[in-house]
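Keep in mind that the numbers below use all heavy atoms, side chains included, and drop hydrogens, waters and symmetry copies. Every chain is numbered from 1 and lettered A, B, ... according to where its sequence line falls, protein lines coming before strand lines.
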Amino acid sequence: PQKKKKPKLPKSPAPHFAMPPIHEDHLEKI
Amino acid sequence: LKEAPVSELHDLLCKKLQQCCILFDFLDCVADLKGKEIKRAALNELVECVATNRGILIEPLYPEIIKMISVNIFRTLPPSENPEFDPEEDEPNLEPSWPHLQLVYEFFLRFLESPDFQPTVAKRYIDQKFVLLLLDLFDSEDPREREYLKTILHRVYGKFLGLRAYIRKQCNNIFLRFIYETEHFNGVAELLEILGSIINGFALPLKTEHKQFLVRVLIPLHSVKSLSIFHAQLAYCVVQFLEKDATLTEHVIRGLLKYWPKTCTQKEVMFLGEIEEILDVIEPSQFVKIQEPLFRQVARCIASPHFQVAERALYFWNNEYILSLVEDNCHAVLPTVFGTLYHVSKEHWN
C-alpha cells in the first residue's frame, strides 16, 4: 500500500519577540 | 494641562514642550534635584495629555514635539568603558538620564500611536536625517532604550511609506559595517526583530533588493563572533524568507554550510538548531537538492567529540517531518551518515 506521507508540521508559533508584520505597499519608493 | 481651558491648552502644551528641552546632568545625582523633578512632572503630563486627549495634535505643535524629542534623545553615546565588553557576560552600562529619557520615549510612542497623528504633517520633521540619528541610538548599551527604539522604528516604518526604502538601506549599512568592520553594535537583535516583521510582510514575488539582503547580509551575519546574542532573531528572519520563497532554500543551506563554525561548538549547536527550523518548513523538492552536502555536515557533527554537538545532530531523527524526508530519500542520505553512525556507536567516548 502507498505509504501515507507524514504531513509537514503545522507552522510553528511565532517566537515571543515576533512583531506584527508590516505589509509591503506598492506605493513605497524604490 | 489637565486644568487648562481648551483655548489655552495648545499654548501651555507648547510651553511645556520647550521647558522639556532643558537637559540635566544625571551623572551628578544630587545636582538640581528640584529642576529634575519639575521636568519629570512636565514629561508625565505631556505623556498623559497626548495619550488621553483627542484633537490635541494641531500642526503647529509638530515641530515643537519633534524638537523636544530630538534634543533629549539624540546625543553622542558614551564609549563602552570596557573595550573587552562581552555582551553575554557583563552587565550593560545603563543610561543615567533614564528617569527623563524613558518618559520622552514614552511620549514619542504615544505621539506616533495617537489616532490624531498625521504622517503627512510629521514627514516634514521625521525625515531621512531624523531616521539616521534614530538608528545610531540602537547602539546604546541600555536594553530598555533599545526596546523603545525598536517599537518606535517599527511604527515609523509602518506609517512613513516614503522612508521604508531608506530605512532598509541604512539597516543594511549598519549590518555590513558590523559584519566586516567593527563587529560591535548593540542593537543587531532589535533591528532583526523589526526586519522579521518586514520580511513577514513582503509582497510576492520578492524584489531582487530583498533577496540580495538575504544573501549579502543575513547569511554573512552568521559568521560574527557574537552570534549568540541575535541568533534567534536571525534564524527567524531566514525562516520567514524561506516561507515567502522556497526557491531560496538551497542558497541558504549552502550559505550556512559555507559559514559552518569550525572552532566554536556553541555556534555549531546554534547552526544545527537553525537547520532544524529550516527543515521544518522545507519543501520536499528543495530537500533533495541539498540533502547530500547537508547530511555530510550532519554526519561530521554526529562524530563531534563535543557531546552537545553530536547530541543536537542526532536529535534530528526525533523530528517526525525530517524523518519522513530522510525515509523518502534514504538511498541518498543513508550512505552519508551510516558509516559515521556505526563508527560513533563503537568509538564515541560519550
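Summarising the geometry of A/D25 relative to B/R164, their closest heavy-atom pair is N-NH1, 3.7 Å, with the distance given to 0.1 Å. Nearest heavy atoms, B/G201 versus A/P21: N-CB, 4.3 Å. Closest approach of B/S197 to A/P20, counting heavy atoms only: CB-O, 3.2 Å.
Atom CZ of B/R155 is separated from atom CE of A/M19 by 6.0 Å, given to the nearest 0.5 angstrom.
Residue B/E277: no heavy atom, backbone or side chain, is found under 4.5 Å from chain A. Neither the backbone nor the side chain of B/K169 comes within less than 4.5 Å of any heavy atom in chain A. Proximity to chain A is limited to the side chain of B/Y236, based on heavy atoms less than 4.5 angstrom apart. Contact annotation for B/L163: neither backbone nor side-chain heavy atoms come within less than 4.5 Å of a heavy atom of chain A. Proximity to chain A (any heavy atom under 4.5 Å) is shown, for B/A232, by both the backbone and the side chain.
Within a 6.0 Å sphere centred on CZ of A/F17, other residues, nucleotides and ligands contribute more than 12 heavy atoms.
Within the structure, the salt bridge (charged side-chain N to carboxylate O under 4.0 Å, His left out) test picks out the following pairs touching residues 117-129 of chain B (sequence neighbours left out): B/E59-B/R124.
Electrostatic pairing of B/K244 and A/E24 does not count as a salt bridge here, judged by no charged N lying under 4.0 Å from a carboxylate O.
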